[in-house]
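Before any comments, here is the structure.
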Amino acid sequence: MNEEPSSFASTLGDIARKWQSEWKKAGVHEAEPDPSKQKFFLTAAFPYPNSPPHLGHARTYGTADVYARYKRMRGYNVLFPLGFHFTGTPIVTMADDVARGDKELLDIFKSIYEIPPEKISMLADPLFMANYFKDEIKSALTELGISIDWRREFTTIDPEFSSFITWQFRKLSEMGFVVKDTHPVGWCPVHNLPVGMHDTKGDVEPEIGEFTLIYFETPMGILPAATLRPETVFGAVCIWLNPSEKYVTVEFEGRRFIVAEKAAQRLQFQIDDMKLGEKVDHSKLLELKARNPLTGNLLPIVQAEFVNPSTGTGVVMSVPAHAPFDYFYVKKKGLKINPIPVIDVPGEKVPLGVKMVEQSSPKGKDELEKLTEEVYRTEYHKGTMISSILELASPELRDELSDLPDSPVKEAREIVTKLLLSKGAGRKIFEMMNRPVYCRCGNETVVKLLKDQWFLDYGNEQWKSLARTLLENMRILPEEVRKDFQYTIEWLEKRACARTRGLGTPLPWDKRWIIESLSDSTIYMAFYTVIKTIRSNGIRATQLLPEVWDYVMLGKGDLSQVSSLSGIPQDLISTMRNEFLYWYPLDSRHSGKDLIPNHLSFFIFNHAAIFPRDLWPKQIAVNGFVLYEGKKMSKSLRNIVALRKAIRLYGPDAVRLTILGGAEIGTDSNFTDSDARSITDQLRWLYEFSKSIPSGSNEVGIPERWLMSKLNRSNVDITSAMDQLRLREVMNTLVYRFRYYVEDYIDLTKSLNREPNGRVLREFLEVWTKMLFPLAPHIAQEVWLNIGHTTLLDNEKWPGGNEIHVDSTVELSVDYLHAVIDDIKSILNVLGGSPEEALIYVADEEKMNIMRKMITEIKGGKPLNQLLREFKPRDKESATLAKKLFDHVSQMSPETRDMLLSTEFDEFSVISTFANYVAMKTGLKSIKVYNSSDLQTHGVKKDPLPLKPAIVIVSGERKR
RNA sequence: GCGGAGGUGCCCGAGCUAGGUCAAAGGGGGCGGACUGAGGCUCCGCUGGCGUAGGCCUGCGUGGGUUCGAGUCCCACCCUCCGCACCA
């Protein structure tokens, strides 16, 4: 990125500051309930202030701002507030990192975000950090011209907000949507705290998987073999123990087990009634037999070095038929045991465990692991249990296993697991699948089974059904992401809603827990509607009892009682209630698409649960991300662009246009230096042009009618694009297309040897400026001033396109000129010499009539191929003509066809009138127009078609 | 694995839900020219190949198919990106 702002960017910056202070002075973004006006309430997901704002922030807030400004111009009373999300652990973690002197982080703060050194050290305090970045974000958004009503700002650790969340959770709990359950989490044994991705070294997400333990009884105690594939238990031939590991006895479920000592330590975190026993000399075990609980077979116990005590229990059942490791070691040790196949794979005669090892004779652990993965995958997806599987099972179990023969492995696994658990012959344990995962403190994490964990039960069918209904009735932008919401709603299950640490609101009935960040941010939009009144009237958080919220949010309870209970005057409570009812429901919710599977879906669920249907949100708009120079911004690439820096370099409007106009809403927007500069240049042109609009003519001719027609047509298109937030289209039209219209208009007048009509240009610019305002408010406002207006555009009405000014004939005429110009150019491209003149022969009326007939038939719904057949016959000449006309017509846009039908379009006169224009654009000295009857007289062998005249280029030397 | 999105000319990126308006919008970049003391400013032209006449050929992930006609419809395949939970 070029570090120097261009000269015009600094002008843009000056303009922006000027208008921002005007807006503030006029309070145009501050909204109060006004029953005489229709309201529009929109919010964007509040920021989490653990770093300064970057380009990405401009997308969501920018999109919302464009919408807010647009809706204001459409006459709505618009409320667009913003708060800050302090809840959770990342702020705390990051502050810790600063305190620890994390080199990478400090460097990013210093060189990317340009945080002053004296501030950096203070960021070690989490609250200082949150507040510091909060202010940074607020400044950046203000500099970007985001039209927020800041009087409603709050943070999620404000006591008023906590009282609101407390109320919300009590409601959810009353409805039975909060449940208690156990849950496995990554856990640091030193901190004694759960670890998520933010808490691990290298930001690794702890992946937790499920193993099944199968209890093989021996006279010394149970050997619990850990496996991912319990269905293969029928093929177990022996039990593996690691000869170099210590084994110990443990007790749980009232029974005695033997496991590796290392495994016992981990299992303690999952099995709370577990007691550690004494060491076991497992050489003694080797003399014993272990009983397979499902087959009743007695299996030998054998030593094997590959058994890993860090996974599972250190006890492994050996199934050589289906496990390469097992077959490999059975063979290596020369055990006289035959593999027992239990799974069939179509097309395979030899069990895969055997086949793979025999085929590739693996060298070491890595190769064996590869084979294992392949065997597991193949058997899981293609395998079925053998037909005779029941012959292997104990007779007394055969009834319960009757579904097992020929069943797919996936189903067999469930059947077997269920049976093992119900017979007390096994249990489930959890294991870290991507082990080792280290806590930031350096210790290896384990899986802990958290008891009494609190969940929001998004799996509750009643709740899901409400959420579905809400979604059905909501508008989604872009519509394509509705599928993602539907999928998420179905997929969501219980979700832990409280954590043991971090900032936030304690769970009201169990204060050891803090309500987790994605759970305390689902209906906070309602809070914006009343927080200003709470603050400005000195209502204390302690007065905001659940009864108050019940009344304000739901209209429940008796006003005088609520008032006397809380000590809040009745009229204030009523004011709050009325404010809430005025602004709610939320009209539009904005966020990035990453929040679909979580926040936005929770937002749906919680609104569906808490509020009555008429207060359910009406729309969600999700935007893509911002790329920088084609790449995703990331810490590791060190390509994060600080928002305030970008604003300084390009000016706020160029940043807005580049990001918001760079892509349609659902797709990622690519911010590039060259695009931003190109846009800046266009803005400069507009700015300069507005200061010296050419004038001098009062004539309203074809050029004027054409310009107004383009304007009005575009206005209709842009309005519809704005309604759907298709901002790329809006930007393209307003920034590039419109300039081309103006310049073309001036050329058209020039070719008629006259000046442009200043009044018409001014009118064009007025409408242009108004439409540009939502996207680029500062420059639009400045241009508005330049063309003589003293009002604020915030208070102006969005222009309504006037159909009267849409003039198809004129548009067709100019399009026709451009087509002729293109044709001439393409001839000139292949012509040498020094071309000077073009002779244009327009087609006669007869051909036009045939063509009109064709168009009428097509409009009447006749298929083109049928038309071709009908027009073909007669003589050869007219057949060729028909074919030509047919090809010609089929290449026309429906609009052109309509225009040809509905207008008296005269090619000859259009070209004659604008011969100069054509000459100007083609660089020729002159253009002469003739009728097709002159073709013969001039001896030219060409055949013009309607809208496709014959063109003859005359070069200097052969000039007639 | 499950679910979603997508593969278009040097690059980015429209169009593909209603097949002919598509050699394919728009922007960026590049090349050439104009302007200028100079210009990384601005303007004009070109930017798949071939062509001394508006044309022809090739072409929108790959391979088939439907059709007078396919970037657009159908089938199969290949590849890329994103999400998959206690974390904002």
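Reckoned from all heavy atoms, side chains included, excluding hydrogens, waters and symmetry mates. Chain identifiers are assigned alphabetically (A, B, ...) following the order of the sequence lines, protein sequences preceding nucleic acid strands; residue numbering begins at 1 within each chain.
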Self-check item: Distance, C1' atom - from B/rG65 to B/rU21, rounded to whole angstrom
Solution: 26 Å
Quiz prompt | Atom-pair distance (OH on A/Tyr740; P on B/rA25), nearest Å | solution = 14 Å
Quiz item: Within the distance-only criterion (no hydrogens, no angle test), does the side chain of A/Lys464 pair as donor or acceptor with the backbone N or O of A/Tyr458 below 3.5 angstrom?
Solution: yes
Quiz item: Side-chain donor or acceptor of A/Lys921 under 3.5 Å from a matching atom on the base of B/rG45?
Solution: no
Quiz prompt | NZ/NE/NH1/NH2 to OD/OE distance under 4.0 Å, A/Asp668 and A/Lys593 | solution = yes
Practice problem: Provide, to the nearest angstrom, the distance between the CZ atom belonging to A/Phe8 and the C1' atom belonging to B/rU42. | Solution: 14 Å
Quiz item: What integer number of Å spans the C1' atoms of B/rU72 and B/rG61?
Solution: 16 Å
Quiz item: Where the side chain of A/Arg728 is defined as all heavy atoms beyond and including C-beta, which of B/rC86, B/rG26, B/rG27 is the nearest nucleotide?
Solution: B/rG26
Practice problem: If the plane angle is over 60° it's perpendicular, under 30° parallel, otherwise tilted; pick one for A/Phe177 and A/Trp463. | Solution: parallel
Practice problem: Over 60° means perpendicular and under 30° means parallel, so classify the ring planes of A/Tyr740 and A/His818, tilted if in between. | Solution: tilted
Quiz prompt | Side chain of A/Ile953 - closest among B/rA53, B/rC86, B/rG28 | solution = B/rA53
Quiz item: Relative to the 5' end of RNA chain B, which residue comes earlier, A/Ser826 or A/Trp685, by the nucleotide with the nearest heavy atom?
Solution: A/Trp685
Quiz item: Aromatic ring centroids of A/His54 and A/Tyr628 under 6.0 Å?
Solution: no
Exercise. Write down the distance separating the P atoms in B/rA70 and B/rU17, rounded off to the nearest Å.
Key: 15 Å
Quiz item: What does A/Pro47 touch in the nucleic acid at a heavy-atom separation under 4.0 angstrom: a base, only the sugar-phosphate, or nothing?
Solution: nothing
Quiz item: Taking the same atom, P, in B/rC81 and in B/rC75, what whole-Å distance lies between them?
Solution: 26 Å
Practice problem: May I have the distance from A/Glu629 (atom CD) to B/rC11 (atom P), rounded to whole angstrom? | Solution: 16 Å
Quiz item: Between A/Lys948 and A/Asp823, is there a side-chain N and carboxylate O pair less than 4.0 Å apart?
Solution: yes
Exercise. Remember a base hit wins even if backbone is also touched, and classify A/His599 as base, sugar-phosphate or nothing at under 4.0 Å, heavy atoms.
Key: nothing
Exercise. Verify the contact: side-chain N or O of A/Ser517 to OP1 or OP2 of B/rA88, cut-off strictly under 4.0 Å; return yes or no.
Key: yes
Quiz item: With a non-hydrogen cut-off below 4.0 angstrom, is A/Ala950 in contact with a base, only sugar-phosphate, or nothing?
Solution: base
Exercise. Report the residue (A/Ile827 or A/Pro194) whose heavy-atom-nearest nucleotide on RNA chain B is the more 5′ of the two.
Key: A/Ile827
Quiz item: Can you tell which of B/rG27, B/rC12, B/rC41 lies closest to the side chain of A/Asp681?
Solution: B/rC41
Quiz item: Is A/Asn732 side chain donor-acceptor paired with the B/rG26 base, going by distance under 3.5 Å alone?
Solution: no
Quiz item: Which listed nucleotide (B/rG54, B/rC86, B/rC46) is nearest to the side chain of A/Lys825?
Solution: B/rC46
Quiz item: A/Glu664 CD to B/rG6 C1': how many Å, rounded?
Solution: 16 Å
Quiz prompt | Distance between C1' atoms of B/rA85 and B/rA14 (Å, rounded) | solution = 36 Å
Filtered N/O pairs between nucleotides 82-85 of chain B and protein, under 3.5 Å:
| from | atom 1 | to | atom 2 | distance (Å) |
| --- | --- | --- | --- | --- |
| B/rA85 | O2' | A/Arg495 | NH1 | 3.4 |
| B/rA85 | N1 | A/Glu493 | N | 3.2 |

Quiz item: Just the dot-bracket of RNA chain B, please: which string comes out with Watson-Crick or G-U pairs under 3.5 Å, [ ] for crossing, | for another strand?
Solution: ((((((((.[[[..)....(.....]]]((((((.......))))))(((....)))...[[[[[..)....]]]]])))))))....
Practice problem: Sticking with atom P, work out how far B/rU52 lies from B/rG69, rounded to a whole angstrom. | Solution: 32 Å
Quiz item: Within 45° of the axis and under 6.0 Å from the centre of the six-membered ring of A/Tyr376, does NZ or CZ of A/Arg229 qualify?
Solution: yes
Quiz item: How would you label the contact of A/Arg737 with the nucleic acid (heavy atoms, under 4.0 Å): base, sugar-phosphate, or nothing?
Solution: sugar-phosphate
Practice problem: State which of B/rG27, B/rA88, B/rG51 makes the closest approach to the side chain of A/Val830. | Solution: B/rG51
Exercise. Using a strict cut-off of less than 4.0 Å between a Lys/Arg side-chain nitrogen and an Asp/Glu carboxylate oxygen, indicate whether A/Asp673 and A/Arg677 qualify as a salt bridge.
Key: yes
Quiz item: So, is A/Lys941 near the phosphate of B/rA53, with a side-chain N or O under 4.0 Å from OP1 or OP2?
Solution: no
Quiz prompt | A/Glu373 atom CD: more than 12 heavy-atom contacts under 6.0 Å | solution = no
Exercise. Can you tell me, in whole Å, how much space there is between the C1' of B/rC16 and that of B/rG1?
Key: 30 Å
Quiz item: For A/Tyr628 and B/rC12, what is the distance between atoms OH and C1' respectively, to the nearest whole Å?
Solution: 15 Å
Quiz item: With a distance cut-off below 6.0 Å to the six-membered ring centre and an angular limit of 45° from the axis, does A/Arg482 pair with A/Phe485 as a cation-pi contact?
Solution: no
Practice problem: With side-chain contact (heavy atoms from CB on, under 4.5 Å) as the test, would you mind laying out the steps for A/Thr156 and A/Ser521 before giving the verdict? | Solution: CA-CA 8 Å; A/Thr156 56; A/Ser521 58; 5.9 Å; no
Quiz item: Counting side-chain heavy atoms from C-beta on, which of B/rG55, B/rC87, B/rG13 comes nearest to A/Glu516?
Solution: B/rC87
Quiz item: Between the side chains of A/Glu811 and A/Ser808, does any donor sit under 3.5 Å from an acceptor?
Solution: no
Self-check item: Selected nucleotide, minimal atom distance to A/Lys948 side chain, candidates B/rG54, B/rG13, B/rC87
Solution: B/rG54
Quiz item: In chain order, what residues pass the salt bridge (charged side-chain N to carboxylate O under 4.0 Å, His left out) check against A/Glu743, with sequence neighbours excluded?
Solution: A/Arg739
Quiz item: Phosphate oxygens OP1/OP2 of B/rG28: is one of them under 4.0 Å from a side-chain N or O of A/Thr672?
Solution: no
Quiz prompt | Spacing between A/Arg413 atom CZ and B/rG1 atom C1', to the nearest angstrom | solution = 12 Å
Practice problem: To the nearest Å, give me how far apart CG (A/Asp668) and C1' (B/rC81) are. | Solution: 9 Å
Exercise. Remember a base hit wins even if backbone is also touched, and classify A/Thr89 as base, sugar-phosphate or nothing at under 4.0 Å, heavy atoms.
Key: sugar-phosphate
Quiz item: When you compare B/rU58 with B/rG49, how far apart are their C1' atoms, in angstrom units rounded to a whole number?
Solution: 7 Å
Self-check item: Interatomic distance, A/Asp484 CG vs B/rG4 P [rounded to whole Å]
Solution: 8 Å
Quiz item: Side-chain N or O of A/Arg482 less than 4.0 angstrom from OP1 or OP2 on B/rG3?
Solution: no
